[in-house]
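Here's the structure, in structure tokens; my notes come after.
Computation of the quantities below employed the complete heavy-atom set of this structure, encompassing side-chain atoms and omitting hydrogens, waters and symmetry-equivalent molecules. Counting convention: from 1, in listed order, for ligands and their atoms alike.
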Amino acid sequence: MVKSEIDARMLAEADAMRARDLAVLWHPCTQMAEHPDTLPLVPIRRGRGVWLEGVDGRRYLDAVSSWWTNLFGHGEPRIAAAIGQQALELEHVIYAGFAHEPGLRLAEQLLALAPPGLARVFYADNGSAAIEVALKMSFHSFLNRGQSQRRKFVALRNGYHGETIGALSMGDIPLYRRVYAPLLLEPLFAPSPDAFDAEPGESAEQCALRRADELDAVFAAHEGEICALVLEPLVQCAGSMRMHHPAYLRRAREICNAHGAHLIADEIAVGFGRTGTFFACEQAGISPDFLCLSKGLTGGFLPMSAVLTTAHVYEAFLGDSRERAFLHSHSYTGNPLGCAAALASLAIFAEEPILARNRDTARRMAELAAPLAAHPQVRDVRQTGMILAIEMAPGERRGLRAYRSALANGVVLRPLGDVLYWMPPYCIGEDELQHLARATFAAIEEATT
Ligand SMILES: *Cc1c(COP(=O)(O)O)cnc(C)c1O
């Protein structure tokens, strides 16, 4: 068969798959009416490294790490092998009343890596569920200590914590929140410390400290009523990759302490080396009362999450009644396959100088993006470690046009409004970075002219 025949056959195969898919499936965060015309589905056959291989025979560089889950590239053989071996031993067991080695080893290792003071690990199965766990645990721990008047939560403007009812309640992205608002809890919202909103002449740090004073005022106005502050350390990812100075986190920690409230650090997107340190909280030298982890936890292989908390919180639940215990469970809590994937991922961090290599990669990302900053339609280029965002001037459907242009050039960029971002798997190499930069430049040209 000649190449053109193979190509034609693969294109036909991709078309057939699109048609079958659109007959039965409902994809997440998608206006299905836009398929197939505005937004053709992209059937994928396999993934290797930074590349996704389409059923149509084309390759796409996964610049968004498949919704920020992937760390070391697709198909990472050590993680795949660990899952396979675990599946042959023990695929799953009820985690109430039972224990297993992968769950135990993972908890020990996470606590060893986490900021000091965290002493207990509770597993759940996705990021939103981890937030639900932290909210319920915080409230319940105060209740068990006789502080039943603490029922409120403080969240930040422009934050995102997931899309189940409780987690969505803590978020402030209008697209996700507005429709469901009648169903939601109402947290107290404090301003985002986002440095993009700094006053003229104000540094990122000064902006962060000014916003922290406003946070303090929220706590002061609700003395004794607040369970916890929930925030995303360093980068509000779903909130257009807005970034803030670590000084905010130091002050937020002090404010929570001064008012007897908990600090919930949502590192679901920024954990596991994404911001340059293993956990983002390290850059502020703080320990939260709750550390929520998911996405990169399993290297991008399986859905799983973990909530780390302190001995103080844990001890509030000990006693002789069932109601004093933490009442929360998911069928797949502590799934051994997820634990095995997470352990294999942590082993890669232990064996290879991932953080040091990421520092070099992040420097190359900065160099390659620098010319974009001079583009007349680019308002801001910002970076925290392995997250680089390019904010275009606002315009009609610019994000969609950029997405389609990049896809045509073999790159998956998934803009957040007018913001394009690079959040690639850590294994991205020099040629791939250059390919990404070229496609991004073309996407901006196409979106803005
Ligand atoms: C993705 C994300 C969540 C939700 O995780 P899911 O697994 O999608 O439910 C929560 N918080 C942050 C910061 C996230 O980026």
Side-chain angles (χ1 to χ4, degrees), residues 27-30 64-71 122-138 153-173 175-177 180 184-185 187 189 192-194 228-244 248-249 252 263-275 279-281 288 290-308 328 330-333 335 338 341-342 345 384-387 389 414-417 419 421-423:
H27 289 268
C29 202
T30 299
V64 301
S65 293
S66 284
W67 255 343
W68 321 338
T69 59
N70 193 283
L71 297 186
F122 189 95
Y123 293 123
D125 47 19
N126 63 69
S128 303
I131 297 295
E132 304 285 346
V133 165
L135 298 175
K136 283 175 69 179
M137 254 184 199
S138 174
F153 292 92
V154 181
L156 299 189
R157 288 287 173 202
N158 193 46
Y160 177 88
H161 301 286
E163 296 179 41
T164 54
I165 300 284
L168 185 62
S169 296
M170 300 300 131
D172 180 44
I173 312 281
L175 176 65
Y176 305 124
R177 189 186 172 96
Y180 303 104
L184 302 181
L185 302 172
F189 280 109
S192 168
D194 173 10
L229 164 66
V230 53
L231 52 70
E232 299 156 89
L234 298 186
V235 187
Q236 293 185 310
C237 292
S240 303
M241 300 293 168
R242 293 295 180 89
M243 301 173 183
H244 57 260
Y248 185 80
L249 303 174
L263 176 61
I264 301 173
D266 176 353
E267 294 221 17
I268 290 165
V270 296
F272 302 100
R274 209 27 100 174
T275 65
F279 292 122
C281 281
F290 297 91
L291 179 64
C292 297
L293 305 173
S294 188
K295 293 205 166 103
L297 173 61
T298 61
F301 272 69
L302 286 167
M304 172 158 196
S305 61
V307 179
L308 279 57
H328 191 99
H330 293 288
S331 316
Y332 281 97
T333 299
N335 176 250
S345 175
T384 302
M386 291 291 288
I387 306 172
R414 202 168 190 283
L416 297 157
V419 177
Y421 66 90
W422 298 347
M423 198 156 162

pair His244-Ser192: side-chain heavy atoms closer than 4.5 Å: no
N or O contact, Ser294 vs ligand 1, cut-off under 3.5 Å: no
Element-labelled atoms of ligand 1 that are located less than 4.0 Å from some non-hydrogen atom of Ser128: 4 (C), 5 (O), 6 (P), 9 (O)
Proximity to ligand 1 by part of Trp68, non-hydrogen separation under 4.0 Å: side chain
Sub-4.0 Å heavy-atom contact, Ile131 with ligand 1: no
Side-chain touch Thr69/Thr298, heavy atoms, less than 4.5 angstrom: no
Side-chain heavy atoms of Leu234 within contact of Leu249, under 4.5 Å: yes
Min N/O separation Gly127 to ligand 1 under 3.5 Å: yes
Pairwise side-chain contact, Val235 with Tyr421, heavy-atom cut-off 4.5 Å (strictly under): no
Interfacing atoms of ligand 1 (cut-off 4.0 Å, heavy-atom, Asp266): 10 (C), 11 (N), 12 (C), 13 (C)
Any donor-acceptor N/O pair, Ser138 side chain to Ala134 backbone, under 3.5 Å: no
Residue pair Ile264 / His161, side-chain heavy-atom distance below 4.5 Å: no
Test item: Pro193 and Leu156 side chains (from C-beta on) under 4.5 Å apart, heavy atoms: yes
Under-4.0 Å heavy-atom contact between protein and atom 6 (P) of ligand 1: yes
Nitrogen or oxygen atoms of Lys295 and ligand 1 under 3.5 Å apart: yes
Residue Ala269 vicinity, atoms of ligand 1 by number, heavy atom under 4.0 Å: 15 (O)
